[in-house]
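Here's the structure we're looking at; comments come further down.
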Amino acid sequence: MIDKLREKLGEGVLENEALSRHCTFKIGGPARYFFIAKSKKEVRRAVEAVGDLGINFFVFSGGSNVLFSDDGFDGLVIKVNSSELTVYVMNCRIVADAGASLSKIVEAAMENGLTGLEWAAGIPGTVGGAVRGNAGAYGHAMGESVEEIEALRIKNKKSRIKNYGKEDCKFGYRESIFKREGGVILKVVLKLAPGDKNKIKEEMDKIFAARDGKIPTDSSAGSFFKNIEVTDEIVKIIKEHTHEDVPPDYIQKGKIPAAWLIGQCDLKGKQIGGAKISEKHANFIVNTGEATAADVIALSSLVKMKVRDEVGVQLEEEVEYVGF
Ligand SMILES: Cc1cc2nc3c(=O)[nH]c(=O)nc-3n(C[C@H](O)[C@H](O)[C@H](O)COP(=O)(O)OP(=O)(O)OC[C@H]3O[C@@H](n4cnc5c(N)ncnc54)[C@H](O)[C@@H]3O)c2cc1C
């Protein structure tokens, strides 16, 4: 199979590549085959190759929101590394390949006096990953700035390019049509607004400072669980379980942070194997050095069970499990 893959994709196809080298968690066994696609064309070629050869595949980019299994992945793992980026200052657009780094885009927007992405300062990963999961922070999310997406739709092992307007993307809280229905994002068109470069930089500096105080620096995949949507029912259930009121600030913002729910169960610092609930932020599971995916799963299962039993709320993972 490696020969057939190399025939189609070139000598760059690797065998038994450790996935721990390609994600921020630094966890994960080997990918049977691994390919870094450096352009949209190469992404498409790789997707077509797996269709022709009938093998399993998985597409990712920055690796900052995934947990790879200790057994790795039995198929071709395609890393989207296409990174062309063009800023159209006059019409306030940024057009980027899916594999372009989100922080480079945020920086380019600032340098060119375009406002709308300041909130995303400091979020790792690529713009493709951010669109797929509708990444967000400080009350904003990626979908707000999306004008158009070019993606590969894959059906019956055949792929075709499709363009999506903002409405077609069906963005929701950490949701998009690409997350629900699949597809590989190739290109992103962002629509921003004219702004003052100094003010944009000031706002970004504030965000960097806020994140510095809050976000753990140990290896992780970001917030592990999704926050919980506020409903009268949820607020009542939490009160019944904890005899505490949900803070009004959360009710006003419409989301109960998973970190607060986990904190209610006194789980900060809890460790299984090398996986630990960060002391700094209860919704971060960190790799203290030698964590396995099994450690992370055991710890996340414990968190879910405790939060369900003691707070009455069912948590759901934000991090994507791959190869389980
Ligand atoms: C320290 C830290 C802080 C973080 N802070 C935040 C935060 O504030 N807000 C937030 O929302 N997230 C945060 N994250 C999570 C993560 O950075 C974002 O979700 C990011 O947008 C993921 O992008 P990625 O390229 O790394 O995606 P990956 O991890 O590579 O992939 C994530 C998922 O997207 C899919 N995917 C990736 N690229 C594509 C593509 N081109 N087409 C289709 N599917 C694709 C993958 O299959 C996978 O299912 C944080 C993570 C870390 C480690």
Side-chain angles (χ1 to χ4, degrees), residues 19 22-28 36-37 39-40 42-44 46-47 57-68 73 77-83 96-106 117 119-144 149-154 159 162 164 169 171 173-188 207-208 210-212 214-227 255 257-259 278 280-281 283-287 317-323:
L19 289 168
H22 298 279
C23 62
T24 54
F25 235 148
K26 299 197 171 80
I27 293 174
I36 299 182
S39 64
K40 286 196 307 178
E42 284 193 355
V43 175
R44 185 160 197 194
V47 169
F57 74 104
F58 176 71
V59 173
F60 81 116
S61 308
S64 62
N65 208 205
V66 286
L67 175 66
F68 290 121
F73 185 83
V77 173
I78 304 165
K79 179 177 164 76
V80 177
N81 205 25
S82 52
S83 57
D97 280 347
S101 125
L102 184 59
S103 57
K104 273 203 182 136
I105 291 176
V106 172
L117 284 179
W119 61 270
I123 299 183
T126 65
V127 70
V131 167
R132 192 253 187 197
N134 195 17
Y138 302 102
H140 295 277
M142 204 60 222
E144 290 164 26
I149 300 292
E150 182 185 294
L152 273 182
R153 293 286 297 153
I154 302 152
S159 67
K162 185 175 170 189
Y164 296 76
C169 294
F171 289 115
Y173 172 61
R174 301 294 179 270
E175 277 294 344
S176 72
I177 192 155
F178 311 104
K179 193 163 180 178
R180 282 192 290 269
E181 296 181 7
V184 179
I185 298 165
L186 295 175
K187 192 177 89 179
V188 174
I207 302 275
F208 280 127
R211 290 181 72 91
D212 255 3
K214 204 172 97 178
I215 306 289
T217 48
D218 321 64
S219 305
S220 77
S223 293
F224 203 89
F225 298 102
K226 290 182 185 171
N227 296 329
K255 289 272 183 325
S278 167
K280 197 167 179 183
H281 192 310
N283 196 18
F284 272 63
I285 294 183
V286 297
N287 175 1
E317 287 83 355
E318 184 175 319
V319 169
E320 294 286 330
Y321 291 172
V322 184

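Residue numbers count from 1 along this sequence. When a ligand or atom number is given, it counts from 1 through the structure's own listing order.
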Kindly say whether Phe225 contributes a backbone atom to a donor-acceptor pair with the side chain of Ser223 at under 3.5 angstrom?
no
Residues in the immediate environment of ligand 1 (any heavy atom closer than 4.0 angstrom):
Thr24, Phe58, Val59, Phe60, Ser61, Gly62, Gly63, Ser64, Asn65, Val66, Ala98, Ile123, Pro124, Gly125, Thr126, Gly129, Ala130, Arg132, Ala135, Gly136, Ala137, Arg174, Gly183, Val184, Ile185, Arg211, Ile215, Ser220, Ala221, Gly222, Glu320
Measuring from atom CD of Glu150 to atom CG of Asp97, what distance do you get when rounded to the nearest 0.5 angstrom?
9.0 Å
Can you list everything that forms a ring pair (Phe, Tyr, Trp, His ring centres under 6.0 Å) with Phe60? Sequence neighbours excluded, please.
Phe68
Give a yes or no answer on whether the side chain of Asp218 reaches the backbone of Asn287 with a donor-acceptor pair at less than 3.5 Å.
no
Taking the cut-offs as 6.0 angstrom to the six-membered ring centre and 45 degrees off its axis, would you call Lys280 and Phe284 a cation-pi pair?
no
Could you tell me whether a side-chain N or O of Asn227 sits under 3.5 Å from a main-chain N or O of Ala258, the two making a donor and an acceptor?
yes
